[in-house]
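Next up is a structure, given as structure tokens.
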Amino acid sequence: MKKHTINENGMQQIVDQLKSQCKPSVFDGWLEDDLIVSRRSQEMLSAWASELEEVLDSGNGDEIEISQHDTISGHTEHLSVTAEGIDIVEEKP
């Protein structure tokens with residue numbers, strides 16, 4: 001079984017995608033440069049990363065949905081990270 005962990009590169013990819021795809025009210029300022037290192041920001045980013053890690057670990061895809069109510073486009077969008085943003089460890093059963 002493979003264990004996926006979103007690394008620092010992946011976290012930045014998540015930040016960039018959330019900023020470009022979500023309405024500002026969704027992140028209520030916690031993605032802004034002066035708040036990104038705050039505990040609240042790190043908790044929110046960790047929640048997005050954990051959800052993506054779970055999908056990757058399950059083998060049922062490589063992205064998670066961003067609700068249409070949260071996106072600028074008004075359509076469901078998807079969040080994913082490139083291989084450079086993921087550390088993979090093979091776990092023994």
Side-chain angles (χ1 to χ4, degrees):
M1 181 174 158
K2 293 181 180 179
K3 174 77 175 147
H4 299 79
T5 304
I6 305 300
N7 61 30
E8 190 173 326
N9 179 301
M11 293 297 255
Q12 186 59 53
Q13 291 181 49
I14 291 172
V15 168
D16 294 343
Q17 289 177 65
L18 290 174
K19 280 183 167 181
S20 69
Q21 295 177 349
C22 292
K23 298 174 188 173
S25 60
V26 171
F27 50 83
D28 194 28
W30 59 265
L31 288 176
E32 300 304 325
D33 293 339
D34 59 334
L35 294 177
I36 198 66
V37 295
S38 72
R39 185 173 142 197
R40 174 76 174 140
S41 295
Q42 294 306 305
E43 288 172 353
M44 296 299 289
L45 286 174
S46 290
W48 284 97
S50 292
E51 186 176 346
L52 183 55
E53 289 166 351
E54 287 175 19
V55 169
L56 292 166
D57 288 347
S58 73
N60 293 326
D62 60 359
E63 60 188 17
I64 54 176
E65 287 187 358
I66 303 172
S67 168
Q68 66 186 17
H69 303 290
D70 296 336
T71 62
I72 295 168
S73 69
H75 301 284
T76 300
E77 302 281 349
H78 295 90
L79 184 141
S80 62
V81 297
T82 63
E84 292 80 14
I86 305 167
D87 295 331
I88 303 172
V89 175
E90 190 73 40
E91 292 187 340
K92 302 206 188 251

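No experiment lies behind these values; they were computed from the predicted model shown. We number each residue from 1, following the sequence as shown.
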hydrophobic_cluster_shared for Leu56 and Leu79, side chain cutoff 4.5 Å:
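Yes: a chain of side-chain contacts under 4.5 Å links Leu79 to Leu56.
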
With sequence neighbours excluded, tell me which residues meet side chain to side chain contact (heavy atoms under 4.5 Å, CB included) with Val55.
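Val55 satisfies side chain to side chain contact (heavy atoms under 4.5 Å, CB included) with Ile64 only.
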
Not counting sequence neighbours, which residues clear side-chain hydrogen bond (donor to acceptor under 3.5 Å, both in side chains) with Thr5? List them please.
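In terms of side-chain hydrogen bond (donor to acceptor under 3.5 Å, both in side chains), with neighbours along the sequence ignored, Thr5 is linked to no residue.
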
From Ser25 atom OG to His69 atom NE2, the distance as rounded to the nearest 0.5 Å:
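So the OG of Ser25 and the NE2 of His69 are separated by 12.5 Å.
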
Can you get from Val81 to Met44 by hopping between Ile, Leu, Val, Met, Phe, Trp and Tyr side chains that sit under 4.5 Å apart?
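As far as the 4.5 Å side-chain criterion goes, Met44 and Val81 are connected within one cluster.
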
Spacing of OG belonging to Ser80 relative to NE2 belonging to His78, to within rounding of 0.5 Å:
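Result: 9.5 Å between the selected atoms.
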
Distance, nearest 0.5 Å, that separates OG of Ser67 from NE2 of His75:
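The distance works out to 12.5 Å.
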
Could you tell me whether the side chains of Gln42 and Ser46 share a donor-acceptor contact shorter than 3.5 Å?
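The criterion, which ignores hydrogens and geometry beyond distance, is not satisfied for Ser46 and Gln42.
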
Does any non-hydrogen side-chain atom of Ile86 lie less than 4.5 Å from one of Asn7?
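No; the side chains remain at least 4.5 Å from each other.
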
What pair of heavy atoms forms the shortest contact from Ile88 to His4, and how long is it?
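For Ile88 and His4, the tightest heavy-atom pair comes out as CG1-CD2, 3.6 Å.
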
May I ask you to test the Val15-Trp48 pair for a side-chain heavy-atom distance under 4.5 Å?
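A side-chain contact is absent here, since even the closest heavy-atom pair is not under 4.5 Å.
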
Just jot down the salt bridge (charged side-chain N to carboxylate O under 4.0 Å, His left out) partners of Asp16, sequence neighbours excluded, or say none.
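If we apply the salt bridge (charged side-chain N to carboxylate O under 4.0 Å, His left out) test to Asp16, skipping adjacent residues, there are no hits.
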
More than 12 foreign heavy atoms under 6.0 Å from CD of Glu8: is that the case here?
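Not buried by this count: 12 neighbours or fewer within 6.0 Å.
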
List the atom of Met11, the atom of Ala49, and the distance in Å for their closest heavy-atom pair.
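Reported closest heavy-atom pair: SD-CB, 3.7 Å.
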
Could I get the full list of side chain to side chain contact (heavy atoms under 4.5 Å, CB included) partners for Gln68, not counting sequence neighbours?
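Partners of Gln68 by the side chain to side chain contact (heavy atoms under 4.5 Å, CB included) criterion, ordered by chain and then number, come out as Thr76.
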
What salt bridge (charged side-chain N to carboxylate O under 4.0 Å, His left out) pairs are there with at least one residue in residues 49-71, not counting sequence neighbours?
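Checked against salt bridge (charged side-chain N to carboxylate O under 4.0 Å, His left out) - neighbours excluded - the pairs reaching residues 49-71 are Lys3-Asp57.
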
Taking atom NZ of Lys19 as the centre, does the number of heavy atoms from other residues, nucleotides or ligands within less than 6.0 Å exceed 12?
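For Lys19, atom NZ is crowded (more than 12 foreign heavy atoms under 6.0 Å).
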
With sequence neighbours left out, write down each residue that passes salt bridge (charged side-chain N to carboxylate O under 4.0 Å, His left out) with Lys23, or none if nothing qualifies.
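Checked Lys23 against salt bridge (charged side-chain N to carboxylate O under 4.0 Å, His left out); zero matches.
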
Does any non-hydrogen side-chain atom of Gln17 lie less than 4.5 Å from one of Cys22?
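Cys22 does not reach Gln17 side chain to side chain.
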
